[in-house]
Amino acid sequence: MTPSVHPNFKTHFAELLHQAASHITTLDTSIRIELARTKQADHGDYSCNLAMQLAKTLRKSPREVAQLLIDKIPASPYLERIEVAGAGFINLFLKHSAKQQYLHSILQSQAEFGNCHFGQGRKVQVEFVSANPTGPLHVGHGRGAAIGASLANILTAAGFNVSREFYVNDAGRQMDILTLSTWLRYLELNHIHVPFPENAYQGGYVKTMAQLIFQAHAERYVHHPDLLLEGIPANAHATATHTDEQLDQLIANAKNILGQDYAYIHNFVLTEQLGDCRNDLMEFGVEFDTWFSEQSLFDNGLVAHTIQLLEQKHYLYQQDGAIWFRSTDFGDEKDRVVQRENGQFTYFASDIAYHLNKFERGFEQVINIWGADHHGYIARVKGALQALELDPAKLEILLVQFAVLYRDGKKAPMSTRSGEFVTLRELRQEVGKDAARFFYVMRKSDQHLDFDLDLAKSQSNDNPVYYVQYAHARVCSVLAQWDGDVALLAKADTDALSSPAELALLQKLIDFPDTVEMAAKEFSPHLIAFYLRELASEFHSYYNSTRFLVPEIPLLHARLALIASIRQILNNGLRLLGVDAPDKM
RNA sequence: GCGCCCAUAGCUCAGCUGGAUAGAGUACCGCCCUCCGAAGGCGGGGGUCGCACGUUCGAAUCGUGUUGGGCGCGCCA
């Protein structure tokens with residue numbers, strides 16, 4: 001991704017202040033020179049609190065220090081004036097010409113405007129969604145998908161080499177339960193009625209998969225039910241209430257009866273569910289570079305190898321027939337089992353191997369996006385990394401709080417157990433991809449999300465998605481009526497842009513690259529959503545106050561260059577969030 | 001009981017590693033289409049930043065405690 005060629009005023013002024021300060025004192029490493037955008041116009045465009053930070057060691061008042069710095073600051077083609085204010089702030093005023101000429105950078109860089117090389121090409125992995133392939137994605141997964149995909153886009157724009165990954169839990173017990181469930185439904189289709197366990201998968205999609213198998217292979221997988229019921233108490237069947245152990249017994253029996261065929265059904269349901277999931281996410285604008293199989297960690301011996309490593313480092317011990325990892329050495333509440341009494345590795349064991357593998361693949365930063373209910377899991381995973389002599393700080397875990405759907409002002413009921421959950425697909429069908437993507441990232445990820453379905457659906461000014469998209473469509477409409485060559489606007493004379501509204505809008509456009517960088521630095525896609533709403537708001541206001549299609553050519557071109565730049569940034573920002581920027585609505 | 005997250009306008013939320021008079025949206029009230037798209041704009045009221053101490057030139061922001069809410073605490077994933 002090529003960074004755009006715009007000047008960065010923040011870093012430019014920070015460098016000037018650094019030079020000024022070096023004339024006065026030797027800067028302590030603890031002091032960071034940072035420029036902040038001001039809230040009020042009479043405070044200039046940027047302000048710096050460096051003088052306040054230096055005042056103590058220099059034994060001078062902050063205002064005095066500020067004046068000393070101003071006296072020493074080198075000349076700059078972008079700086080209109082610089083002054084001391086308030087308790088010792090240094091306020092900097094950008095030249096109007098600097099703002100006006102900035103439009104040329106935007107219109108030249110186009111889709112690449114806003115990119116930067118903050119990430120310096122470092123390899124980063126974002127792992128997200130990673131839902132069990134045992135049923136359709138629901139609205140909880142949707143938020144993780146939206147946040148993960150947006151964050152990956154933002155990191156890419158900020159100059160990281162990003163890899164998007166979905167961890168496929170294809171090795172566990174849940175897959176076995178799905179396989180069993182499907183086979184039982186298949187037997188039903190063949191008029192063999194075995195009571196369907198309550199704790200098996202109840203969803204209608206299981207019956208659908210059974211039908212597909214039946215259509216393709218007729219009665220090939222039919223077996224006598226007596227063998228299946230072996231070891232299961234009669235009352236469990238009569239009531240269809242099975243304990244976890246009884247369910248496991250059913251699975252074991254199914255494996256015995258079906259032999260090689262078990263693997264076929266297992267593979268079939270996995271492929272079906274994964275395909276459905278991939279398709280669902282693609283329609284949601286979310287794609288992955290890698291679908292990483294948990295099973296492959298076992299097949300390649302990586303799990304066993306990882307456990308061996310921990311053993312060598314003496315972090316494992318045996319107790320109650322199981323093998324435990326001493327995660328309490330790393331601040332976890334209790335030690336954790338990696339290998340069960342029955343010889344099976346736990347999910348945690350393969351997860352350690354998985355994370356070790358991530359770093360072996362050369363990622364310098366690994367970001368996991370998890371549902372908030374997994375937070376208790378962080379300590380043990382980071383502990384395992386430490387035990388393997390990896391830096392746990394290189395693993396960033398973003399916890400995404402739940403989304404609660406509201407309809408008619410009331411909570412829409414959601415329960416995974418009963419199968420009455422709202423799927424991501426249903427949500428998309430109801431409110432559309434764009435509204436869903438935007439609403440999901442409108443809040444900080446660690447903030448609960450109240451998802452107002454009625455608002456997301458409404459085609460009104462209340463709906464923030466339409467509000468932003470409408471601004472984009474409005475610009476398109478004006479440019480279409482102008483009927484000139486938009487490409488020429490990149491070289492237009494922009495000196496005529498001098499009203500307060502126009503200068504404020506120019507500054508808002510200048511803020512975009514900083515916003516993208518901040519969103520990348522803070523792993524915060526919501527900053528983009530907020531920025532877009534603010535930009536759209538300033539544009540709508542400008543639109544109502546100013547006519548663009550005026551007879552005076554210089555003014556006309558200047559204003560069109562401004563709104564074309566606004567359109568470009570709305571487009572770039574929406575693209576980061578996976579939301580379309582329509583020309584017409 | 002222990003751990004993590006959260007608490008800011010009636011409601012939903014921003015507020016970046018401490019900075020100037022705490023901001024949006026929404027709801028409510030009043031305005032603006034002979035004019036590039038009214039899916040828009042303008043104006044108005046609305047606050048003890050849960051509470052209490054502390055750190056300092058300065059705290060919504062940092063620390064400790066406390067209250068209230070969410071989530072987690074399996075040889076499940």
Side-chain angles (χ1 to χ4, degrees), chain A residues 32 34 36-40 42-43 47-49 52 55-56 61-62 85-89 91 130-132 134 169 171-175 244 294 319-324 331-334 336-342 344-348 350-351 371-379 399 401-402 404 406 409 442-450 452 455 458-467 469-471 473-482 514-515 518-519 521-522 524 526-527 529-530 533-534 536-537 539-550 559-560 563 584-585:
Chain A
R32 280 169 305 184
E34 286 184 13
R37 283 275 291 109
T38 53
K39 289 170 191 160
Q40 288 169 249
D42 57 320
H43 291 159
S47 76
C48 185
N49 64 0
M52 288 134 133
K56 190 170 253 179
S61 79
F89 293 99
N91 290 341
S130 297
N132 269 337
T134 51
N169 298 122
R173 179 169 177 268
Q174 297 305 319
M175 275 307 301
D244 280 353
E294 180 188 6
Q319 189 181 303
D320 305 328
I323 298 177
W324 299 69
D332 198 6
E333 295 171 355
K334 49 190 289 192
R336 309 290 175 176
V337 171
V338 289
Q339 192 169 16
R340 288 194 284 248
E341 201 176 351
N342 65 9
Q344 293 253 302
F345 289 110
T346 59
Y347 174 86
F348 179 43
S350 47
D351 226 17
D373 53 334
H374 284 64
H375 66 74
Y377 204 72
I378 296 174
L399 293 178
Q401 296 289 333
F402 299 117
V404 182
Y406 284 82
M442 264 194 322
R443 304 276 174 260
K444 280 188 300 195
S445 55
D446 57 7
Q447 185 78 242
H448 289 261
L449 172 68
D450 288 340
D452 186 335
L455 180 61
S458 76
Q459 302 204 353
S460 77
N461 48 341
D462 302 349
N463 188 335
V465 191
Y466 282 92
Y467 186 78
Q469 289 181 322
Y470 181 50
R474 260 185 157 176
V475 176
C476 290
S477 177
V478 175
L479 291 176
Q481 283 174 57
W482 170 54
D514 291 334
T515 305
M518 181 65 79
K521 208 180 284 185
E522 304 285 322
S524 297
H526 75 278
L527 294 177
F530 276 90
R533 286 173 72 174
E534 288 163 10
S537 168
F539 166 74
H540 285 309
S541 178
Y542 180 51
Y543 181 95
N544 275 281
S545 69
T546 311
R547 198 171 163 78
F548 309 139
L549 298 176
V550 293
R559 286 183 176 162
L560 292 181
I563 65 169
K584 286 183 188 145
M585 296 173 67

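Chain A is the first sequence line, chain B the second, and so forth, proteins listed ahead of strands; every chain is numbered from 1.
For the salt bridge (charged side-chain N to carboxylate O under 4.0 Å, His left out) test, no residue two or more places apart in sequence or in another chain qualifies with Asp514(A). For Asp462(A), the side chain to side chain contact (heavy atoms under 4.5 Å, CB included) criterion is met by Leu455(A), Ser460(A), not counting sequence neighbours. The ring pair (Phe, Tyr, Trp, His ring centres under 6.0 Å) test applied to Tyr467(A) returns His540(A), not counting sequence neighbours. Looking at residues two or more places apart in sequence or on another chain, you find no salt bridge (charged side-chain N to carboxylate O under 4.0 Å, His left out) involving Arg547(A). Taking the side chain to side chain contact (heavy atoms under 4.5 Å, CB included) definition, one finds that Glu341(A) meets it with nothing, sequence neighbours left out. Listed by chain and residue number, Glu517(A) satisfy the salt bridge (charged side-chain N to carboxylate O under 4.0 Å, His left out) test with Lys521(A) (two or more places apart in sequence, or in another chain). Remark: Ala519(A) engages Ile154(A), Leu527(A), Ile528(A) in a side chain to side chain contact (heavy atoms under 4.5 Å, CB included) (not counting sequence neighbours). Listed by chain and number, the residues in a side chain to side chain contact (heavy atoms under 4.5 Å, CB included) with Asn91(A) are His43(A), Ser47(A), Glu83(A), Ala85(A), Phe89(A), Phe93(A) (sequence neighbours excluded).
Rounded to a whole Å, the NE2 atom of His540(A) is 11 Å from the P atom of rA39(B). The interatomic distance linking Leu449(A) (CG) with rC71(B) (C1') rounds to 16 Å, in whole Å. What separates NE2 of His526(A) from P of rC13(B) is a distance of 13 Å, to the nearest Å. Note: CG (Leu399(A)) to C1' (rC71(B)) measures 10 Å, nearest angstrom. Rounded to whole angstrom, the span from the CD atom of Glu522(A) across to the C1' atom of rU61(B) amounts to 13 Å. Residue Phe539(A) contributes atom CZ, which lies 13 Å from atom P of rC42(B) at whole-angstrom precision. Rounded to an integer number of Å, the gap from CE of Met518(A) to C1' of rC16(B) is 4 Å.
For the P atoms, the distance linking rC76(B) with rA52(B) amounts to 48 Å, nearest Å. Here the separation of rC62(B) from rA14(B), taken at their P atoms, is 15 Å to the nearest Å. Atom name P, nucleotides rG72(B) and rA38(B): the rounded distance is 49 Å, in whole Å. Across rC11(B) and rU48(B), the matching P atoms stand 12 Å from one another, rounded to whole Å. Between rG3(B) and rU21(B), the two C1' atoms lie 40 Å apart (nearest whole Å). A gap of 13 Å separates the P atoms of rG18(B) and rA60(B), to the nearest Å. Here the separation of rG15(B) from rA20(B), taken at their P atoms, is 15 Å to the nearest Å. Across rG54(B) and rU61(B), the matching C1' atoms stand 15 Å from one another, rounded to whole Å.
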Distances for protein N/O vs nucleotides 72-76 of chain B N/O pairs under 3.5 angstrom?
| from | atom 1 | to | atom 2 | distance (Å) |
| --- | --- | --- | --- | --- |
| rC75(B) | O2 | Glu341(A) | N | 2.7 |
| rC75(B) | N4 | Asp320(A) | O | 2.6 |
| rC76(B) | OP2 | Arg340(A) | NE | 3.1 |
| rC76(B) | OP2 | Arg340(A) | NH1 | 2.2 |
| rC76(B) | O5' | Arg340(A) | NH1 | 3.2 |

Protein-nucleic acid N or O pairs under 3.5 Å, nucleotides 19-29 of chain B:
| from | atom 1 | to | atom 2 | distance (Å) |
| --- | --- | --- | --- | --- |
| rG19(B) | N7 | Asn49(A) | ND2 | 2.8 |
| rA20(B) | OP2 | Lys39(A) | NZ | 3.3 |
| rA20(B) | N6 | Ser47(A) | OG | 3.4 |
| rA20(B) | N6 | Asn91(A) | OD1 | 2.6 |
| rA20(B) | N1 | Asn91(A) | OD1 | 3.4 |
| rA20(B) | N1 | Asn91(A) | ND2 | 3.1 |
| rG25(B) | O2' | Arg533(A) | NH2 | 3.4 |

Is there any protein nitrogen or oxygen under 3.5 Å from a nitrogen or oxygen in nucleotides 6-12 of chain B, and what are the pairs?
| from | atom 1 | to | atom 2 | distance (Å) |
| --- | --- | --- | --- | --- |
| rC6(B) | OP1 | Asp446(A) | OD2 | 3.2 |
| rU12(B) | O3' | Asp450(A) | OD2 | 3.3 |
| rU12(B) | O2' | Arg443(A) | NH2 | 2.7 |

Do any N or O atoms of the protein come closer than 3.5 Å to N or O atoms of nucleotides 30-32 of chain B, and which pairs are they?
none

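Contact between Tyr406(A) and Asp450(A) at its shortest, heavy atoms only, is CE1-OD1, 3.3 Å. When all heavy atoms of Val337(A) and Ala322(A) are compared, the closest pair comes out as CG1-CB, 4.1 Å. Between Ser350(A) and Glu294(A) the shortest heavy-atom distance is OG-OE2, 2.8 Å. The two residues Met175(A) and Asn169(A) make their nearest non-hydrogen contact at CG-O, 3.6 Å. Summarising the geometry of Pro62(A) relative to Ala87(A), their closest heavy-atom pair is CB-O, 3.3 Å, with the distance given to 0.1 Å.
Applying the Watson-Crick and G-U wobble criteria (two distances, each under 3.5 Å), rA14(B) pairs with nothing in any strand. When both pairing distances are held under 3.5 Å, rC51(B) makes a Watson-Crick or G-U pair with rG65(B). Across every strand in view, rC4(B) sits in a pair with rG70(B) that passes the Watson-Crick or G-U test at under 3.5 angstrom. Of the nucleotides present, none pairs with rA38(B) by Watson-Crick or G-U wobble criteria with both distances under 3.5 Å.
Comparing rC35(B), rG37(B), rG15(B) by their nearest atom to the side chain of Arg547(A) picks out rC35(B).
Aromatic pair Tyr470(A)/Phe539(A): centroids not less than 6.0 angstrom apart.
Both Gln401(A) and Tyr542(A) sit near RNA chain B, but only Gln401(A) has its closest nucleotide nearer the 5' end. Nearest-nucleotide positions on RNA chain B for Ser541(A) and Leu549(A) put Leu549(A) closer to the 5' end.
Annotated as anti: rC6(B), whose glycosidic dihedral deviates from 0 by more than 90°.
Atom-to-atom distance recorded for Arg173(A):CZ and Gln344(A):CD is 10.5 Å, nearest 0.5 angstrom.
Using a 4.0 Å heavy-atom cutoff across all strands shown, Ala473(A) reaches at least one base atom of the nucleic acid.
Formation of a donor-acceptor pair under 3.5 Å by the Thr546(A) side chain with backbone atoms of Tyr543(A) is not found in this model.
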